[in-house]
Number of protein chains: 2
Amino acid sequence: MSGADHIHALPLREHVYERLQELLIARTLGPGDHLVEERLAAELGVSRGPVREALQRLHRDGWITLRPRQGAFVNQPTRQQVEEFFEAREVVERSAAELAAQRCTPEDAAALLGICDEADADWARGVPAQQMAGHTARFHRTVMLCARNHLLLEFGEQLSQRSRWFFAPLVSSIAPRAWAEHREVAELIAAGRPGEAAAAMRLHVEQSRDSYLDTQLVEDTPPEPVAFRRTRAPSGSRAGDAPRARRARA
Amino acid sequence: MSGADHIHALPLREHVYERLQELLIARTLGPGDHLVEERLAAELGVSRGPVREALQRLHRDGWITLRPRQGAFVNQPTRQQVEEFFEAREVVERSAAELAAQRCTPEDAAALLGICDEADADWARGVPAQQMAGHTARFHRTVMLCARNHLLLEFGEQLSQRSRWFFAPLVSSIAPRAWAEHREVAELIAAGRPGEAAAAMRLHVEQSRDSYLDTQLVEDTPPEPVAFRRTRAPSGSRAGDAPRARRARA
DNA sequence: GTTCCACGGATCGTTAACAGTAGACAAGAT
DNA sequence: ATCTTGTCTACTGTTAACGATCCGTGGAAC
């Protein structure tokens, strides 16, 4: 996440996509918010084109809902969706762990355990939660890298990012348990024990699910009710900055 | 100007996406072909905007490669990629079958078996291969519908479409075996036997993989070498329609 | 004959402008 | 008072045009 702001050797839509992901994870854009293309474009200093493309990708990845003639709305995960999410994650991650244990090289093993060490050290040093979340994402990504399957990797990436989104508020509280489980998974993969690695990963995902559901952060709101309501400025009084939805990034 | 310009209650990019998928599956656009935005736009009677969006979706779904400043190229599946594909498919479909067997209602069961009946009937009547492929896609889709998990459904959709792409040339030769296996899966799901349904589905995917690999249709070309080569018409002779890449739709 | 440089064409990435529609508010009819 | 209707704004979907970049080609120098 270093500089790379000025020269864009990378397509612009990527920047927009990542930036929006950050805003989503940080809850600067919260569930129900209406994402207006023009506003985001102005905010990020680009035009509507790249923003549109990024929004469509966010839609496909399950972050936002794109209603046909109405625009983009940040998703409010329902309990149903959360359960489906963890179920899917369990399927993908478990298989990935199994394959990883069959195929991981010594270098892979070192990388996995290295991430665990780093994370533990950083945790001991008390780094911000966001950074721990970054470690988690890297860990799961590395497992899927070891599985040597690009499709599973891509599925896993999607799930991993969304997981980071879900867990953003409570990373700190579950970090110790999570990293103990991570290390166990890593050691079983490194030892080349597919069945046990798969089981350990499955357990890890289930534990995470339970932790999440216990916090009751999830609401059973149906997908519709949150609409954009005007701030009662109907005629003439165009208050330049009417915060009809939370502003993106001060 | 070419038909299809009536009322489009559906966003235009969807039409473009589906149309391009058809052209890909029909091999009108073959591996290595260079997809030029402007040309496609003219061909489909729309502008570059929607075409761009459709191309990006095709890229993320693994149909084409999008090189940064160069454009879109139809993917030539390498053996590596095909094996990864079947591996991923096995993971997703097996789990979906297992969940489907746990959750399917009588209506679901009827739908599954109904598709099998339809397919068998159509096969006996000798319908075109493309239609059988459509039945196959519907069957797998229905299984994942029974699994009641939207994420798995979406993953499966992607895989299913690509499967249809791979198998387009040889649907006919494997249809009878495939549908026998489909029926067995359907019956086990309908009977509510998760373990056996999963095993049957796994077997089905493996059989399909073997059938595919046996045909040797897959080439071991590394991912780069296929570049767009001109038809050796370098200077002056701009034959208005130089088929530097296969034209889209006569 | 071979290598290097410069020009030209083609194509992508991006931006700005146009038209059509969905939702909301206000006035009028029942 | 409630429902209907007219109008108005804001936003999306789409189109057209601009600038930047890369590939290929041709000529000149060695």
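Every chain is numbered from 1, with letters handed out A, B, ... down the list of sequences.
There is a side-chain donor-acceptor pair under 3.5 Å between B/Q80 and B/E84. For B/D108 and B/T105, the side-chain atoms include at least one donor-acceptor pair closer than 3.5 Å.
Rounded to an integer number of Å, the gap from CD of A/E37 to P of C/dA16 is 15 Å. Atom pair A/R13:CZ and C/dC12:P shows a separation of 12 Å (rounding to whole Å applied). We find that CD of B/E38 is positioned 14 Å from P of C/dG13, with the value rounded to whole Å. Atom-to-atom, CG of A/L12 to P of D/dT21 comes out at 14 Å; the value is rounded to the nearest Å. Atom CD in A/E14 sits roughly 11 Å away from atom P in C/dG13 (whole-Å rounding). Between A/R67 atom CZ and D/dG13 atom P the separation is 13 Å, expressed in whole Å.
Applying side chain to side chain contact (heavy atoms under 4.5 Å, CB included) to A/S163 and the options A/Y212, A/F86, A/F85 leaves one that passes, A/F85.
A/Q70 has a side-chain polar atom (N or O) that falls below the 4.0 Å cut-off from OP1 or OP2 of C/dG23.
Among the heavy atoms of the strands, none lies under 4.0 Å from B/L66.
The base of C/dG13 is paired with the side chain of B/R48 by a donor and an acceptor separated by under 3.5 Å. Between the side chain of A/R69 and the base of D/dT12, at least one donor-acceptor pair of N or O atoms lies under 3.5 Å.
With D/dT15, D/dT12, C/dC12 as the choices, the nucleotide that has an atom nearest any side-chain atom of B/V36 turns out to be C/dC12. Side chain of B/V46, nearest nucleotide from C/dT11, D/dT15, D/dT14: D/dT15. Nearest nucleotide to the side chain of B/H34, out of D/dT15, D/dC11, C/dC12: C/dC12.
Checked against a 6.0 Å centroid threshold, the rings of B/H182 and B/H135 do not count as neighbours.
Taken residue by residue, residues 52-63 of chain A places heavy atoms nearer than 4.0 Å to DNA chain D at A/R52.
The existence of a salt bridge linking B/E118 and B/R138 is confirmed by a sub-4.0 Å separation between a basic side-chain nitrogen and an acidic carboxylate oxygen.
The two residues A/P31 and A/N75 have their closest heavy-atom pair at CB-O, 3.7 Å.
Looking at B/L66 and B/I64, their side chains come closer than 4.5 Å, going by heavy atoms from C-beta outward.
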